[in-house]
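Accompanying notes for the structure given below.
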Number of protein chains: 2
Amino acid sequence: MTDTDELLSIRAAELYYEENKTQDEIGTVLRLTRWKVGRLLAQAKASGFIRIEIVHPRARRLSIERRLRESTQLTDAIVVSSAGVSSDEELQSRTAQAAADYLTGLRPVPRTLGISWGRTLHEVSLHLAKGWANGVNVVQINGGVSLNRRAGTAAATAVTIAHKASGAATLLPSPAILERLDTKRAIEADRSVAAVLTLGAAASAYLFSAGQADRNSALVDSGYLTAEQVAELVRKGAVGDIVGRYIDSAGNIVDPELDGRTVGIQLEALRHAKTAIAVIAGGSKHSIARAVVGSGLCTVLVTDEDTALAVLGDDI
Amino acid sequence: MTDTDELLSIRAAELYYEENKTQDEIGTVLRLTRWKVGRLLAQAKASGFIRIEIVHPRARRLSIERRLRESTQLTDAIVVSSAGVSSDEELQSRTAQAAADYLTGLRPVPRTLGISWGRTLHEVSLHLAKGWANGVNVVQINGGVSLNRRAGTAAATAVTIAHKASGAATLLPSPAILERLDTKRAIEADRSVAAVLTLGAAASAYLFSAGQADRNSALVDSGYLTAEQVAELVRKGAVGDIVGRYIDSAGNIVDPELDGRTVGIQLEALRHAKTAIAVIAGGSKHSIARAVVGSGLCTVLVTDEDTALAVLGDDI
DNA sequence: GGTGATGTTGCTCGTGTGAGCATTTGCGCA
DNA sequence: TGCGCAAATGCTCACACGAGCAACATCACC
């Protein structure tokens, strides 16, 4: 009997959702009472036969957001739908848009916003509307001025975000990673750098992205690391980087020596921050997203549906 | 204003469809009146942002079926949903199932059912339930007894369909295509063959599939044609075959000489039949499906969603 | 075969929602 | 500035629908 009922529920669902018939009409067609039809439809829904998707670049997955808030220590989660998305680029664009939206609606409005840099953050800056806030000062929290032709992207990101909020941008005039520890100590000791780091460590909110640990990493692209060095980090357990610092799946620094040569705020500053917004999207960033959320590096996660499910452990 | 409205309609849709909130509740959250929310939802639906799919192996696409009935001369159309289908095999299986269902529900129950043979038809025979009808006699309408190890599939199909309907199967003891015209004439003249052909030409209903014109054709597979011969047929405009006869996109015989050596009922028998059910599924059969429907070779089409859209000319 | 437990069916009632209409708002144009 | 038109808004009404309940069928078990 259950088998016939299942088939009937499908026939009913077709008439209900595709043909917009009333349950009563469906009852007439299928020779059922109107209540039976209602129950069949409820059954079809409960069995997951009815899939309702909101196909729109700005659609979100509220149910996943709720699950994230409930099963992690995140105070907030923004999950963009991946319905109808083919490319990773589109996914990143959607996520960046969502991050811009979130930032715009953030209350209280941060006085100082600490930001990292990268493709994702840059896209966020472009998606922000002019006047998204009034008087937010932006400060870079990790090094990374131009080593290559990508010149100025990091700076442009900070300046754009600040400019669109009628605020000022404070840049961190330092490479991301230095070759020698004492050089790093020296540059950190420099007043112009130290002041920025102090400012960054005391920001009222943070906005940062994450990099995956592979040859496509932004740090490799920018010339701070070689593909081989990253491969070695992966061998040591690295899943990706946050503000230039490589972490393993437990959120721990993978290579203390390398980390010592990395310029930027400490991860602890993020861990203790009241508002730390991580923007992470794309299939290659599932592991790092998991590590970031799992180890409490952010209070807010802005991501795509698939990454969110990976964080929740729903994928296999 | 339209832009904000679009965004609002998405937010409303999320709350309505994902969170099962009432329009009134949504109004409270978004600071809108309950009527505005209703209008936003209607707008979201009208704009196609809300996609409702019935994910089930036996789900059909009634709207496409209706369009087919309206814009072609088909008396009936069965279109199975391709939602959640990954492989062509699954699509064919779903379509075969639907064909079996249709045949079971066919009224008046045919006294004699003319059938072709092939992978698809064989699958239909397997999907038919025992006792799907009572006393239907099955007759093969085109030649094709075993030339290779696939031995007996054609016969098995006919016998299975007949057996499950407590009827008898009449096999056509002839190859599909003969090498010489006079051999074909001779075999046709043989009483045992002629009787079957006469019976087949007078069947009360037909059930047949179609083959695509490429190297994967069943006729190539069975050894009746070489891949080169098929390629030559394609050059002449062939899009596929029906009951062993290759036709072009207009439904005309492509190669009269070859057709003269093909044993089976004439296409005209199908064109004039009261009930001619074509079962055609899979991405490679779009053209042949189009040709069959366009040239009136069937009165009923059982197919998959994508093929149906191709027949309607919705693809590009 | 009787009896209780469980699931199914038919129904009442209240609520959510869409159609249709009155009213207001916004906007172009004189 | 004022007028007229169109679009958006607020509302009434009717109705489709789900929750909850009573009656009934079904089945296991004594």
Side-chain angles (χ1 to χ4, degrees), chain A residues 1-63 65-66 81 83 101 105 129-131, chain B residues 1-56 58-63 65-66 81 83 129 131:
Chain A
M1 253 337 165
T2 313
D3 198 36
T4 19
D5 261 23
E6 182 169 316
L7 231 157
L8 271 178
S9 76
I10 296 302
R11 294 282 95 84
E14 287 161 1
L15 293 164
Y16 192 72
Y17 291 106
E18 262 206 80
E19 301 285 272
N20 304 315
K21 287 202 187 296
T22 153
Q23 298 187 0
D24 211 1
E25 291 175 308
I26 297 170
T28 313
V29 176
L30 301 180
R31 293 163 202 282
L32 299 166
T33 63
R34 145 179 148 235
W35 299 282
K36 178 75 180 170
V37 174
R39 284 184 179 113
L40 286 172
L41 288 172
Q43 195 184 308
K45 258 194 226 169
S47 312
F49 299 150
I50 314 298
R51 187 160 71 196
I52 302 184
E53 275 182 344
I54 304 170
V55 191
H56 192 278
R58 299 178 87 156
R60 283 162 49 187
R61 297 301 316 273
L62 301 186
S63 58
E65 294 180 0
R66 182 153 31 76
S81 162
D101 289 349
K130 213 170 149 67
Chain B
M1 256 327 167
T2 312
D3 197 37
T4 17
D5 261 22
E6 184 170 314
L7 231 157
L8 270 178
S9 77
I10 297 301
R11 295 282 94 84
E14 287 161 0
L15 294 164
Y16 192 73
Y17 292 105
E18 261 205 83
E19 303 285 273
N20 304 314
K21 288 200 186 298
T22 152
Q23 297 187 1
D24 211 1
E25 291 175 307
I26 297 170
T28 313
V29 175
L30 301 181
R31 293 163 203 281
L32 298 166
T33 63
R34 150 179 145 231
W35 298 284
K36 178 75 180 171
V37 174
R39 286 186 178 111
L40 286 171
L41 287 172
Q43 195 185 308
K45 258 195 227 169
S47 312
F49 298 150
I50 313 297
R51 185 161 71 195
I52 302 184
E53 273 182 344
I54 303 171
V55 191
H56 192 277
R58 299 178 86 156
R60 283 163 49 190
R61 297 300 316 274
L62 302 186
S63 57
E65 293 180 1
R66 184 154 27 78
S81 161

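Values in this document were obtained by computation on a predicted structure and should not be read as measured data. Each chain gets a letter, A, B and so on, in the order the sequences are listed, and its residues count up from 1.
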* Find the distance W35(A):CH2 to dC21(D):P and express it as a whole number of Å. => 17 Å

* Spacing of I10(B) atom CD1 and L41(B) atom CG [to the nearest 0.5 Å] -> 10.0 Å

* Could you state the CG-C1' distance from L40(B) to dG18(C), rounded to the nearest angstrom? -> 15 Å

* To do: Find the distance between CZ (R60(B)) and CG (L15(A)) and round it off to the nearest 0.5 Å.
  => 9.0 Å

* Rounded to the nearest 0.5 Å, how far apart are OH of Y17(A) and CD1 of I50(B)? -> 13.0 Å

* Distance in angstrom units between K21(A) NZ and dA16(D) C1', rounded -> 15 Å

* Phosphate OP1/OP2 of dG18(C) contacted by Q23(B) side-chain N/O (<4.0 Å) -> yes

* Considering only heavy atoms, which members of residues 41-50 of chain B lie under 4.0 Å from some atom of DNA chain C? -> none

* **Interatomic distance where CZ belongs to R34(B) and C1' belongs to dT9(D) [whole Å]** => 14 Å

* To the nearest 0.5 Å, how far apart are CD in E19(A) and CZ in R66(B)? -> 4.0 Å

* Check whether any side-chain nitrogen or oxygen of Y16(B) sits under 4.0 Å from OP1 or OP2 of dG16(C), and answer yes or no. => no

* **For atom CG of N20(A) and atom P of dA19(C), their distance in whole Å** => 10 Å

* To do: Using atom NZ of K36(B) as one end and atom P of dT24(C) as the other, report the distance to the nearest whole Å.
  => 19 Å

* Of R39(A) and T22(A), whose closest DNA chain D nucleotide lies nearer the 5' terminus? -> T22(A)

* To do: Mind checking side-chain contact (heavy atoms from CB on, under 4.5 Å) for E18(A) and listing every partner two or more places apart, or none if nothing turns up?
  => R61(B), S63(B)

* Separation of K36(B) NZ from D5(B) CG (nearest 0.5 Å) -> 4.0 Å

